[in-house]
Amino acid sequence: MEQTSFTIPLLFNDEAFRHDLLTWYQGNKRLLPWRENQDPYRIWVSEIMLQQTQVDTVIPYFNQFMERYPTIKELAEADEQNVLKSWEGLGYYSRARNLHTAVKEVVEKYDAQVPSDKKELKQLKGIGPYTLGAVLSIAFNHPEPAVDGNVMRVLSRILHIDEDIAKPKTKKLFEEVVKEIISYEDPSSFNQGLMELGALVCHPKNPECETCPVQQHCLAYEHGDQKDLPVKTKQKKQKVSSYYGLVLKNDEGKFFIQKRPDEGLLANMWEFPIVLQEEFDQKELVNWFEVEYGLSINIYTQGKRVRHVFSHVIWEVDVIYASVKGGQKSDGDGKFVTLEELERYPMPNIQQKIKKLIH
DNA sequence: CAGGCGTGGAT
DNA sequence: TATCCAAGCCT
């Protein structure tokens with residue numbers, strides 16, 4: 001039997017819940033860099049970085065990003081390559097490109113002021129339902145829901161909602177729930193309090209119910225089945241793809257790298273050339289490279305296999321070392337650079353692994 | 001809607 | 001090692 005709507009139980013004391021949550025949050029919130037003030041730009045950047053990324057991972061990136069791009073205008077004027085370099089290692093790189101695009105739009109259309117208007121904010125690249133609510137509530141104190149994984153987990157337990165949180169439709173349900181119980185006195189602390197509770201107390205596994213500030217409001221705790229909530233369907237297993245990765249060095253000791261396409265996986269990041277093994281056998285590599293790049297290479301050894309797990313695919317890259325004649329040629333997005341120059345190019349972690357094998 | 005889109009921490 | 005999953009968005 002599918003549940004298409006949800007009504008908050010009459011038993012649920014939303015006023016007492018707000019009070020208990022806000023009191024706990026006030027006394028237990030972490031001191032985080034993006035909580036130092038309410039600068040909408042800082043809140044915005046932090047929310048983008050925090051998408052699917054843990055707080056401890058974000059902190060150093062956020063601090064360096066703010067040091068390098070203290071204001072919207074400075075970010076808007078930056079080269080995308082430098083923005084990606086600042087994002088290097090953080091993952092989901094389209095976040096950085098979308099943020100850069102959005103910031104430029106804010107400079108042009110809104111005089112470099114982050115719009116507090118819901119419709120204007122929502123139209124910006126990279127701002128979806130969650131980030132919209134987060135920026136509106138945290139930066140502007142608007143009573144808008146900001147429903148992320150924490151909020152769905154916490155509220156699914158509190159209100160005993162067993163809808164599959166992996167389904168888009170379920171998030172809308174939680175947004176409706178939050179609209180009904182959010183604090184109009186302090187929407188910022190309410191939204192952050194729910195997330196903070198999810199991060200510090202109401203863990204996915206082994207929730208610390210005994211010390212939970214809203215235990216008395218929790219239906220799942222009352223039922224004793226908090227470990228069965230939230231309901232979430234499993235993700236599919238990643239498929240493995242095998243590649244050859246070519247570390248090419250010319251007579252000047254420079255290495256060949258290229259820029260990836262402007263969309264798809266690792267868009268606009270740089271890499272040592274790779275090719276699917278199912279498309280070209282190792283015997284065909286020399287000819288393939290000649291045809292594809294117009295360069296004659298000489299393979300001299302095969303190195304280690306590098307394994308890298310992405311969110312949806314696994315790469316196994318056999319590293320091939322080769323020399324190349326001449327190599328001043330740099331048509332397309334490929335070029336020869338020294339190891340020192342290589343440091344300036346944004347490269348994803350899989351490529352960093354390959355780079356470390358150079359000796 | 002389902003699937004593409006990174007990385008690292010926790011168990 | 002395997003699996004989940006973390007302040008999601010885009011197409």
Side-chain angles (χ1 to χ4, degrees), chain A residues 29-30 32-35 42-62 84 87-99 101-102 121-139 145-154 164-172 174-175 178 188 190-200 202-207 227 230 232-239 241 260-261 263-269 271 307-315 346-353:
Chain A
K29 66 177 177 182
R30 290 168 290 181
L32 301 171
W34 46 90
R35 286 180 176 162
R42 288 171 63 91
I43 304 297
W44 179 11
V45 170
S46 74
E47 291 301 340
I48 300 298
M49 286 188 171
L50 286 162
Q51 290 168 8
Q52 300 289 280
T53 312
Q54 296 185 166
V55 166
D56 288 343
T57 302
V58 166
I59 290 173
Y61 280 91
F62 179 82
L84 282 173
W87 213 271
E88 184 182 86
L90 197 52
Y92 286 148
Y93 299 100
S94 65
R95 291 183 295 175
R97 296 186 298 114
N98 288 339
L99 174 63
T101 299
L121 201 53
K122 182 69 179 69
Q123 286 173 347
L124 296 172
K125 276 287 188 189
I127 297 190
Y130 164 75
T131 306
L132 176 68
V135 172
L136 287 175
S137 63
I138 298 172
V147 175
D148 71 335
N150 284 310
V151 172
M152 287 196 284
R153 182 175 62 259
V154 169
D164 181 359
I165 66 168
K167 296 191 180 304
K169 194 175 177 182
T170 305
K171 178 150 68 174
K172 293 184 178 180
F174 279 103
E175 285 169 351
V178 171
S188 170
F190 181 87
N191 282 340
Q192 292 188 80
L194 279 181
M195 293 187 280
E196 199 80 340
L197 187 68
L200 301 182
C202 195
H203 306 115
K205 296 171 182 174
N206 310 319
K227 65 171 170 46
K232 186 179 185 183
T233 51
K234 294 174 185 171
Q235 61 181 46
K236 290 197 302 185
K237 280 210 299 187
Q238 303 101 321
K239 289 186 176 176
S241 298
R260 290 180 61 85
E263 57 183 20
L265 182 62
L266 306 173
N268 286 2
M269 302 290 279
E271 65 181 2
R307 182 184 171 87
H308 191 78
V309 179
F310 294 91
S311 52
H312 60 298
V313 68
I314 295 173
W315 281 9
M347 299 183 85
N349 277 13
I350 172 61
Q351 294 293 331
Q352 299 290 346
K353 290 180 183 176

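First the proteins, then the strands, lettered A, B, ... as listed; each starts at 1.
If you take CG of Leu124(A) and C1' of dC9(C), they are 13 Å apart, rounded to a whole angstrom. Atom CH2 in Trp87(A) sits roughly 13 Å away from atom P in dC9(C) (whole-Å rounding). When the P atom of dG6(B) is taken as reference, atom CD of Gln351(A) falls 13 Å away, rounded to whole Å. Put simply, CG on Leu50(A) is 15 Å from C1' on dG6(B), counting in whole angstrom units. One atom, NZ of Lys172(A), and another, P of dG8(C), lie 18 Å apart when rounded to the nearest Å. Rounded to an integer number of Å, the gap from CZ of Phe62(A) to P of dA6(C) is 22 Å. Distance, Leu90(A) CG to dA6(C) P: 17 Å, rounded to whole Å. We find that OH of Tyr93(A) is positioned 4 Å from P of dT7(B), with the value rounded to whole Å.
Among dC5(C), dG8(C), dC10(C), the nucleotide with an atom closest to any side-chain atom of Pro204(A) is dC5(C). When each of dC9(C), dC5(B), dG6(B) is scored by its nearest atom to the side-chain atoms of His312(A), the top-ranked nucleotide is dC5(B).
Using a 4.0 Å heavy-atom criterion, one finds that Gly89(A) contacts the sugar-phosphate atoms exclusively. At a threshold of 4.0 angstrom between heavy atoms, the contacts of Leu32(A) include nucleobase atoms, whether or not backbone atoms are also involved. Within 4.0 Å (heavy atoms only), Arg153(A) reaches sugar-phosphate atoms of the nucleic acid but no base atom. Using a 4.0 Å heavy-atom criterion, one finds that Val309(A) contacts the bases of the nucleic acid, with or without backbone contacts as well. Residue contacts shown for Val58(A) are absent, as no nucleic acid heavy atom lies under 4.0 Å away. When heavy atoms are screened at a 4.0 angstrom cut-off, Arg30(A) is found touching base atoms of the nucleic acid. Backbone-only engagement by His308(A) is indicated by non-hydrogen atom pairs under 4.0 Å involving sugar-phosphate atoms exclusively. As judged by a 4.0 angstrom heavy-atom cut-off over every strand, Arg35(A) is placed among the base-contacting residues.
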All N/O contacts under 3.5 Å from nucleotides 1-3 of chain B to the protein, with atom names and distances to one decimal?
{"from": "dC1(B)", "atom 1": "OP2", "to": "Lys169(A)", "atom 2": "N", "distance (Å)": "3.4"}

Could you write out each protein N or O paired with an N or O of nucleotides 9-11 of chain B at a distance under 3.5 Å?
{"from": "dG9(B)", "atom 1": "O4'", "to": "Gln54(A)", "atom 2": "NE2", "distance (Å)": "3.1"}

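Judged by distance alone, the side chain of Lys29(A) and the main-chain N or O of Gly193(A) form no donor-acceptor pair under 3.5 Å. Side chain of Thr53(A) to backbone of Gln51(A): a donor-acceptor contact under 3.5 angstrom is found. No donor-acceptor pair closer than 3.5 Å links the side chain of Arg30(A) to the backbone N or O of Val55(A). Listed for the Arg95(A) side chain is no donor-acceptor partner under 3.5 Å among the backbone atoms of Gly126(A). Looking only at distances, no side-chain donor or acceptor of Glu175(A) sits under 3.5 Å from a matching main-chain atom of Val147(A).
No side-chain heavy atom of Asn98(A) sits less than 4.5 Å from a side-chain heavy atom of Ile48(A).
Residue Arg95(A) has no polar side-chain atom (N or O) positioned under 4.0 Å from OP1 or OP2 of dC10(C). Between Tyr92(A) and dA6(C) there is no side-chain N or O to OP1 or OP2 distance below 4.0 Å. The side chain of Gln52(A) places an N or O atom within less than 4.0 Å of a non-bridging phosphate oxygen (OP1 or OP2) of dG8(C). Taking side-chain N and O atoms only, Asn349(A) has a distance below 4.0 Å to OP1 or OP2 of dT7(B).
When the P atom is compared between dC5(B) and dC5(C), the two are found 22 Å apart, to the nearest whole Å. When the P atom is compared between dC4(C) and dG3(B), the two are found 16 Å apart, to the nearest whole Å.
Between Arg260(A) and Glu271(A) there is a salt bridge, since a side-chain N of the basic residue sits under 4.0 Å from a carboxylate O of the acidic one.
Between Tyr130(A) and Glu47(A), the side chains place a donor N or O and an acceptor N or O closer than 3.5 Å (distance only, hydrogens not considered).
Non-hydrogen atoms lying under 4.0 Å from DNA chain C are contributed by Pro129(A), Tyr130(A), Thr131(A), all within residues 129-137 of chain A.
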